[in-house]
Number of protein chains: 2
Amino acid sequence: MFDAAESPTESAPSPLLCAGGSQPATSHRLESLLSGLPLQRRRLRSRQYVFHAGQPRQHLYLVHAGFFKTCLGSEDGRERITGFRMRGDLLGIDSLDLASHSCDAVALDFGEVWEIPVAQLQNGLPGFQECLTAALANEIRRDWSWMLALATLNAEQRVVTFLLDFAVQMERLGFSPRCLLLRMSRADLANFLSLQLETVARVLSRLQGRGLIDVARREIRIEDRAGMLALLSGLH
Amino acid sequence: MFDAAESPTESAPSPLLCAGGSQPATSHRLESLLSGLPLQRRRLRSRQYVFHAGQPRQHLYLVHAGFFKTCLGSEDGRERITGFRMRGDLLGIDSLDLASHSCDAVALDFGEVWEIPVAQLQNGLPGFQECLTAALANEIRRDWSWMLALATLNAEQRVVTFLLDFAVQMERLGFSPRCLLLRMSRADLANFLSLQLETVARVLSRLQGRGLIDVARREIRIEDRAGMLALLSGLH
DNA sequence: CGATAACTTGAAGTTCGTCAATATCCGTGG
DNA sequence: CCACGGATATTGACGAACTTCAAGTTATCG
């Protein structure tokens, strides 16, 4: 059943956008690993916190439905969204070795998470530890890829990269990759992309003006994926 | 000896600069865990690669001496330094679940790394898996903290943050926290801080002009730590 | 249906990047 | 040991991209 536990099969993933990323294998495996267990489920409404930074860390959470964001704050009030999380993603892995959470996790709409009793499963459930390790390493690679993007791309390219990446993830979840419904506000999106919300709005308008996308508030239709990819290659 | 294996003791760490960070406990524990084992050691000279992105991942590496950088590249030639690594840091954890490395690891000067046969130790060495998990989670928190810094601080504040953070790390390694010897070029530093090397040079000169630091090429003496911290608080 | 939040758009301002010239260091070889 | 050349670092002037401030529009929720 899990004889492949020790044999990683994929080569290093290219940063973002690579359709067949390494995320699916892992997260699907985790979901199926856990699906039999009687896990506590928590439903949340928009803006509800799964946990706050500083709260004692009891368990991990697996996102089963809905969209979430994780946010890091500093003493002097600066804030940054560290990622948008969706079905199959884990909330709380960043503080797996700590007594309390190091970030906030907030629902962006209605959602459901499964409480995972880590300590028990690490010993009792074969393959679970491997999943955890994979999820952690995956998060690191994902963070690094975004750091690279933020460091080297201009505002337009960042937005395009985000949209195309989001499309890939939506497709992975079984939705259309052309018709995106952003769950986050412009402010959240801007924060994640290290831009001002006005800049994001302007870029979206500009992309629409060129016929690359169709924007209606938080609904975004991708009209010309090739054209968007061209923007990333620098061939304006 | 290691009865504390299952009890995380620290609360969530504040981003950067917090002197008593969570890194030391972990890395020291890993070093002592491994110190008895007959590990393969590799000495490297400046600019030598520990591994390249894409190479098959055989083992992990523990930095025992010297300084290293890890770099992520993209197909179109963009590059970003994901971190500077020193004694006690692990090289290669980011691809723990993959068959090949996802980044480069390069020596910045003479150095030594220990080859860690992960698969064997994960089963055979009690406490090792916990160390790995802690190192992974630690890397995520560190990455997030830098993302926050890069997203919210201006050029001057970024450089100051880096210097103060570097000082803390040097002190942890037993060196003076006032007298820093940067092992990386201005270009590397700029890359890591998402700035241009000219900007870094200018900022360093400006800080020196105000008497906050003393710059001599790669030797930097911290003259007024309080003044530097004030810059971060926004009270110019 | 009104009020508040979310978003869009414009104009002015600032920081940082770009280009270019110069200076300094360091290793190599004469 | 010194001289030379390439790498590394500093400094200046200019311009561009993004931010800031402000006003106006459109949704959303009580």
Side-chain angles (χ1 to χ4, degrees), chain A residues 45-48 67 69 78-81 106 108-110 149-163 180-210 213-220 231 234 236, chain B residues 45-47 69 78-81 106 108-110 149-163 180-210 213-220 231 234 236:
Chain A
R45 290 186 305 179
S46 189
R47 290 157 203 250
Q48 271 193 306
F67 285 75
K69 63 177 177 183
R78 293 174 290 127
E79 263 194 31
R80 174 134 212 288
I81 292 172
V106 193
L108 291 173
D109 56 1
F110 291 90
L150 299 182
T152 56
L153 303 180
N154 62 29
E156 206 164 272
Q157 294 171 317
R158 289 185 209 177
V159 172
V160 168
T161 300
F162 177 84
L163 292 176
L180 310 179
L181 177 58
L182 303 184
R183 276 25 186 242
M184 69 292 294
S185 67
R186 293 286 187 271
D188 281 345
L189 189 46
N191 179 298
F192 181 68
L193 295 177
S194 294
L195 297 170
Q196 294 307 115
L197 62 89
E198 294 96 328
T199 305
V200 172
R202 261 184 275 264
V203 166
L204 289 175
S205 301
R206 206 185 312 156
L207 294 175
Q208 183 173 32
R210 291 191 219 142
I213 61 177
D214 193 58
V215 183
R217 205 101 178 144
R218 295 193 184 178
E219 287 169 38
I220 295 188
L231 271 185
H236 309 228
Chain B
R45 290 187 304 178
S46 189
R47 290 154 202 253
K69 63 176 177 183
R78 293 175 291 128
E79 263 196 29
R80 174 136 211 287
I81 292 172
V106 192
L108 292 173
D109 55 1
F110 291 91
L150 299 183
T152 55
L153 303 180
N154 63 28
E156 206 165 272
Q157 294 171 318
R158 289 185 209 178
V159 173
V160 167
T161 301
F162 177 84
L163 291 177
L180 310 178
L181 178 56
L182 303 184
R183 273 33 183 238
M184 69 293 292
S185 67
R186 294 285 187 270
D188 281 346
L189 189 45
N191 179 297
F192 180 68
L193 296 178
S194 293
L195 297 170
Q196 294 308 113
L197 61 90
E198 294 95 329
T199 304
V200 172
R202 260 186 276 266
V203 167
L204 288 175
S205 301
R206 207 184 311 157
L207 294 175
Q208 183 173 34
R210 291 193 219 140
I213 61 176
D214 193 59
V215 183
R217 205 100 179 146
R218 295 191 183 180
E219 287 170 39
I220 295 188
L231 273 184
H236 305 234

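Proteins get letters first, then strands, A, B, ... in listed order; numbering begins at 1 in each. Here the structure is a predicted model, which means the values were calculated and not measured.
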Classify A:Arg218 by what it touches in the nucleic acid, base, sugar-phosphate, or nothing, heavy-atom distance under 4.0 Å.
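The residue A:Arg218 makes sugar-phosphate contact but no base contact.
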Over all strands shown, is B:Leu197 touching base, sugar-phosphate only, or nothing at heavy-atom distances under 4.0 angstrom?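 Base, at least one base heavy atom under 4.0 Å.
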Subject >> DNA chain D: 5'-proximal contact among A:Arg158 and B:Val200 (nearest heavy atom) >> reply: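 The answer here is B:Val200.
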Once you round it to whole Å, what is the distance between [atom2] of [N] and [atom1] of [X]?
X        : N      : atom1 : atom2 : result
A:Met184 : C:dC7  : CE    : P     : 11 Å
A:Glu156 : D:dA16 : CD    : P     : 16 Å
A:Arg45  : D:dC29 : CZ    : P     : 12 Å
A:Asn154 : D:dT19 : CG    : P     : 11 Å
A:Leu181 : D:dA27 : CG    : P     : 15 Å
B:Asp109 : C:dC26 : CG    : P     : 14 Å
B:Asn191 : D:dT8  : CG    : C1'   : 16 Å
B:Leu195 : C:dG17 : CG    : C1'   : 10 Å

Can you tell me if [X] touches the phosphate of [N], counting only side-chain N or O atoms and a distance under 4.0 Å to OP1 or OP2?
X        : N      : answer
A:Arg202 : D:dC18 : no
A:Thr199 : D:dC18 : no
B:Arg217 : D:dT8  : no

| Can you name the one residue among A:Thr152, A:Leu195, A:Leu163, A:Thr199 that meets side-chain contact (heavy atoms from CB on, under 4.5 Å) with A:Arg158? |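 Only match with A:Arg158 under side-chain contact (heavy atoms from CB on, under 4.5 Å): A:Leu195.
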Report the C-alpha distance between B:Asp214 and B:Gln208 in whole Å, list the side-chain angles of each, state the deciding distance to 0.1 Å, and finish with yes or no for side-chain contact (heavy atoms from CB on, under 4.5 Å).
CA-CA 5 Å; B:Asp214 193 59; B:Gln208 183 173 34; 3.3 Å; yes
- Task: Kindly compute the distance separating CG (B:Leu153) from CZ (A:Arg78), expressed to the nearest 0.5 Å.
- Result: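 If I round to the nearest 0.5 Å, the distance is 4.5 Å.
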| task | Supply the atom-to-atom distance A:Ile220 CD1 to A:Leu207 CG, rounded to the nearest 0.5 angstrom. | result |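 That separation rounds to 8.5 Å.
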Open item on the list: Keeping B:Arg183 on the side-chain end and B:Arg218 on the backbone end, is there a donor-acceptor pair under 3.5 Å?
Closed with: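 Flag not set: sc B:Arg183 to bb B:Arg218 has no pair under 3.5 Å.
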Test for a donor-acceptor pair under 3.5 Å between the base of D:dC21 and the side chain of A:Glu198, counting only N and O atoms.
->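 Present.
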Closest to side chain of B:Ser205, choosing from C:dT8, D:dT8, D:dT10: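 Nearest listed nucleotide: D:dT10.
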Of the options D:dT19, C:dT9, D:dA7, whose atoms approach the side-chain atoms of A:Gln196 most closely?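 Side chain of A:Gln196 sits closest to D:dT19.
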